[in-house]
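No hydrogens, no waters, no symmetry mates; every other heavy atom, side chains included, goes into these values. When a ligand or atom number is given, it counts from 1 through the structure's own listing order. Keep in mind it's a predicted model, so treat the numbers as computed, not measured.
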Amino acid sequence: MAAAALLLLFAVSFAFSSENLVSAERSFCIDYKNNCFLKDGKPFQYISGSIHYSRVPRYYWKDRLVKMYMAGLNAVQVYVPWNFHEPVHGVYNFTGDRDLEYFLSLANQTGLLVILRPGPYICAEWEMGGLPAWLLQKPNIVLRSADTDYLEAVNNWLAILLPKIKPWLYINGGNIITVQVENEYGSYFACDYNYMRHLRTMFRFFLGEDVILFTTDGNTDKEMTCGTLDGLYATVDFGTDTNISDAFNRQRRYEPRGPLVNSEFYTGWLDHWGDRHAVVDAQKVSRVLGEMLAMGANVNMYMFEGGTNFGYWNGADHDTRFRSVITSYDYDAPLTEAGDPTEKLLAMRDVIKLFREVPSGPMPPATPKFAYGFVTLKKVGNINGVLDTISPLGPVTSKYPLMFEEMKQYYGFMLYRTTLPQDLSEPTPLISPLNGVHDRAYVSVNGVYQGLLERDAVLVMNVTGQQGDILDILVENMGRVNFGSKINDYKGLMSNLILGKDALTDWKIYPLDIDGAISSGWPHSNQKSVSSKQAALSAGPAVYMGTLQPNGLAWDTFLKLKEWTKGQVWINGVNLGRYWPARGPQQTLYVPGPLLSTSLPNNITLLELEAAPAHLRVIFMDWPQLNITAGKS
Ligand SMILES: *[C@@H]1O[C@H](CO)[C@@H](O)[C@H](O)[C@H]1NC(C)=O
Ligand SMILES: *[C@@H]1O[C@H](CO)[C@@H](O)[C@H](O)[C@H]1NC(C)=O
Ligand SMILES: *[C@@H]1O[C@H](CO)[C@@H](O)[C@H](O)[C@H]1NC(C)=O
Ligand SMILES: *[C@@H]1O[C@H](CO)[C@@H](O)[C@H](O)[C@H]1NC(C)=O
Ligand SMILES: *[C@@H]1O[C@H](CO)[C@@H](O)[C@H](O)[C@H]1NC(C)=O
Ligand SMILES: *[C@@H]1O[C@H](CO)[C@@H](O)[C@H](O)[C@H]1NC(C)=O
């Protein structure tokens with residue numbers, strides 16, 4: 001009784017005093033009466049841009065944020081990729097390029113608020129939509145649902161992540177104004193309200209009652225119905241080809257009052273290998289931005305700075321067929337992949353100026369680029385010749401093929417080896433009858449390349465050889481599907497391969513840790529020369545190395561792999577990503593200057609999967625080439 005009275009007294013006196021304190025207190029909330037956000041009690045409209053710290057080297061975070069601030073933005077929207085922070089179940093990494101809190105503090109110092117999107121699923125054209133591939137060890141897991149295995153992993157992750165976020169909420173003295181729950185959940189088949197309710201409970205438990213939680217969905221009734229939930233403010237996303245008033249009217253059906261929000265206004269678009277480079281017109285983007293801002297809407301531009309899918313972090317789509325996202329995430333965004341301001345940025349800033357005061361002073365210029373020129377590489381060896389180094393654990397034997405996930409190797413490449421069961425003097429079909437190669441298989445017999453199989457595209461090839469010959473199948477994971485119903489995207493050989501009429505069996509399966517070997521100095525530290533027989537073979541998976549002599553500069557540059565076919569490239573131990581000039585549209589890889597040494601030889605390593613050119617040269621240029629697709633002009 002006494003306690004209740006005290007509590008009442010406290011509540012009353014708090015209500016009285018808060019009236020006067022409102023300007024001194026930090027608050028961020030929704031004004032349902034006036035259809036806007038209120039920051040510290042005053043109407044607030046955000047003009048935000050997306051940037052993903054996982055796609056920009058830490059060294060450049062500040063540079064990109066300052067340019068976003070100078071463009072007139074007052075906020076940035078940021079995804080947290082779960083798989084980037086929990087690469088192995090129960091092992092967390094928040095340091096270096098994964099230091100989320102450092103990124104938040106830089107944004108705060110720069111004067112930018114943050115709209116945080118911690119998932120757990122994020123899409124983002126990122127490997128598996130940000131979900132860790134180790135989740136797939138449970139073969140029947142239903143991702144993004146109330147499945148108990150999935151929820152257990154989610155609970156553990158959110159219990160690590162959200163307490164780190166809490167002090168960064170605006171209302172707690174930080175810069176995070178709003179937090180998104182899940183991501184475009186309405187476009188997922190499961191439509192599981194129990195899952196969304198569970199996430200709402202978790203987010204409230206760890207972040208408190210006062211922060212604005214919201215959802216973002218594509219602008220159709222089905223998506224809005226499955227993606228929205230009471231207590232989570234419903235927002236929409238759409239690009240330049242959508243009728244703005246129709247889209248916001250749809251948001252109004254779910255949020256009759258409150259601010260209008262476009263959480264992803266597309267400034268450009270992603271590319272897949274083999275597709276034409278996507279471009280979105282700068283004048284159109286700025287005109288539509290102006291129309292939304294004039295309605296008082298809050299807009300986040302997706303992307304403002306796209307960056308790069310370094311390493312194996314690109315995602316993939318699987319609508320009618322599997323299509324992998326390219327290494328560059330330039331996105332035709334207002335800041336380029338290398339963080340340079342574009343005409344599009346200046347056009348958008350001119351529009352923003354009409355609605356809020358943009359910081360005075362010049363836009364920081366493009367970072368300097370340098371054309372370091374040609375480097376001639378030499379062959380280190382075919383994959384089978386370097387197996388001891390890149391597969392220190394050695395093989396696992398299995399009658400039938402095992403998937404990457406069963407081998408607990410989630411990314412990159414694995415080698416499947418068996419022997420030819422009989423003489424094949426005539427070309428004999430090697431078949432992937434169930435389309436079970438995820439995603440590409442490079443086939444050699446006794447070290448001689450024979451050709452490849454490709455998911456959804458090439459399901460049969462010919463092999464010749466003799467009984468007992470070694471059949472090597474190097475399988476490449478091209479990035480897991482990040483969108484739609486096929487995100488349980490297992491990798492490796494999903495099913496038996498058939499040679500002639502019989503299923504191949506009795507495999508030795510080598511997990512490959514090429515990244516581990518390279519980061520400990522190989523192959524540059526090891527001058528073992530390659531046999532002349534191996535050096536003569538230019539086709540099939542092989543490792544090449546070279547050095548770029550230091551010249552005192554560590555400027556950004558673009559690596560062109562002209563006439564190379566497809567592979568992966570590392571510089572000074574850092575995995576720059578995939579190259580595939582034979583398909584395009586991306587022809588050059590972004591090399592951030594800080595990776596280069598000004599005084600030591602810079603070590604270049606290539607894993608070329610199909611065929612190296614006779615010249616064995618690569619070239620460092622001072623401009624990017626992202627728009628040349630084979631067979632499409
Ligand atoms: C954590 O991530 C950073 C940045 O990618 C990396 O340099 C570091 O080695 C990682 N730490 C561990 C323990 O793996
Ligand atoms: C954010 O920046 C403001 C202004 O520079 C500063 O006063 C504040 O301490 C910073 N907050 C955090 C959490 O770093
Ligand atoms: C958008 O749709 C509305 C009807 O829903 C129509 O009146 C309006 O003209 C359209 N706007 C544009 C730019 O097409
Ligand atoms: C395999 O070889 C046979 C016989 O030479 C040929 O007819 C067939 O087109 C080849 N198939 C492929 C996929 O190359
Ligand atoms: C390149 O590799 C050599 C040999 O291992 C090593 O001495 C050198 O430091 C490496 N260069 C850089 C920039 O790490
Ligand atoms: C490719 O992009 C460059 C600028 O980055 C541009 O000058 C060129 O016209 C584009 N080419 C095509 C075929 O679109």
Side-chain angles (χ1 to χ4, degrees), residues 24-26 28 39-40 61-62 65-66 69 74-76 99-114 116 163-177 211 219-221 236 238-253 260 262 284-285 287-292 294-295 297 359 372 375 377-378 380 389 515-528 543-555 557 569-576 591-606 620:
E25 249 179 55
R26 294 169 75 87
F28 197 89
K39 178 170 170 278
D40 304 331
W61 287 350
K62 180 80 184 174
L65 290 167
V66 167
Y69 178 77
N74 53 15
V76 291
D99 192 343
L100 168 62
E101 291 186 76
Y102 179 62
F103 183 86
L104 294 173
S105 76
L106 289 178
N108 181 59
Q109 278 172 29
T110 311
L112 290 164
L113 298 165
V114 171
L116 196 76
K164 287 182 193 294
I165 300 308
K166 188 172 185 183
W168 286 97
L169 298 179
Y170 184 80
I171 50 179
N172 296 336
N175 54 345
I176 299 175
I177 49 175
V211 63
N219 144 58
T220 64
D221 287 333
V236 288
F238 57 92
T240 51
D241 289 334
T242 298
N243 179 315
I244 304 171
S245 46
D246 286 356
F248 283 135
N249 284 343
R250 183 167 280 108
Q251 187 197 352
R252 275 278 170 260
R253 288 216 285 282
L260 297 175
N262 183 351
K284 196 169 175 186
V285 175
R287 178 174 53 75
V288 177
L289 173 66
E291 287 168 16
M292 289 188 290
M295 296 169 76
Y372 296 88
V375 174
L377 307 189
K378 65 175 187 184
V380 176
T389 309
D515 293 85
I518 291 175
S519 61
S520 39
W522 180 84
H524 292 80
S525 55
N526 166 344
Q527 290 304 321
K528 206 169 77 185
V543 177
Y544 297 82
M545 63 181 258
T547 50
L548 171 65
Q549 290 311 320
N551 71 348
L553 297 179
W555 288 4
T557 183
V569 58
W570 292 258
I571 292 198
N572 292 335
V574 174
N575 190 332
L576 289 184
V591 183
L595 285 187
L596 299 176
S597 169
T598 54
S599 56
L600 297 171
N602 291 292
N603 298 320
I604 307 164
T605 313
L606 250 66
F620 292 89

In a simple table, one pair per line, please give the protein and ligand 5 atom names for every N or O pair closer than 3.5 Å, along with the distance.
from     : atom 1 : to   : atom 2 : distance (Å)
ligand 5 : 2 (O)  : N603 : OD1    : 3.2
ligand 5 : 2 (O)  : N603 : ND2    : 2.3
ligand 5 : 11 (N) : P601 : O      : 2.8
ligand 5 : 11 (N) : N603 : ND2    : 3.0

Worksheet item: Quick one: do the W570 and D515 side chains pair a donor with an acceptor below 3.5 Å?
Response: yes
Discussion item. I'd like to know if the side chain of N175 and the backbone of L112 have a donor-acceptor N/O pair within less than 3.5 Å.
Written reply: yes
Item to complete: Report yes if some N/O of Q109 lies less than 3.5 Å from some N/O of ligand 2; otherwise report no.
Response: no
Item to complete: Could you say whether the N/O atoms of S245 and ligand 3 ever approach to under 3.5 Å?
Response: no
Item to complete: Would you check, one step at a time, whether the test side-chain contact (heavy atoms from CB on, under 4.5 Å) holds for I171 with V211?
Response: CA-CA 7 Å; I171 50 179; V211 63; 4.2 Å; yes
Discussion item. V380 vs W522, test: side-chain contact (heavy atoms from CB on, under 4.5 Å). Steps then yes/no.
Written reply: CA-CA 10 Å; V380 176; W522 180 84; 4.1 Å; yes
Practice prompt. With sequence neighbours excluded, tell me which residues meet side-chain contact (heavy atoms from CB on, under 4.5 Å) with L553.
Written response: F370, Y372, N551, W555
Fill in: Check: L596 main-chain N/O paired with N602 side-chain donor or acceptor under 3.5 Å
no
Worksheet item: What atoms in ligand 2 come closer than 4.0 Å to a heavy atom of G173?
Response: 11 (N), 13 (C)
Discussion item. Measuring only between side-chain heavy atoms, which start at C-beta, is V76 closer than 4.5 Å to T110?
Written reply: no
Worksheet item: Can you tell me if N108 uses its side chain to pair, donor with acceptor, with the backbone of L104 under 3.5 Å?
Response: no
Worksheet item: Can you list the ligand 2 atoms lying under 4.0 Å from a non-hydrogen atom of W168?
Response: 13 (C)
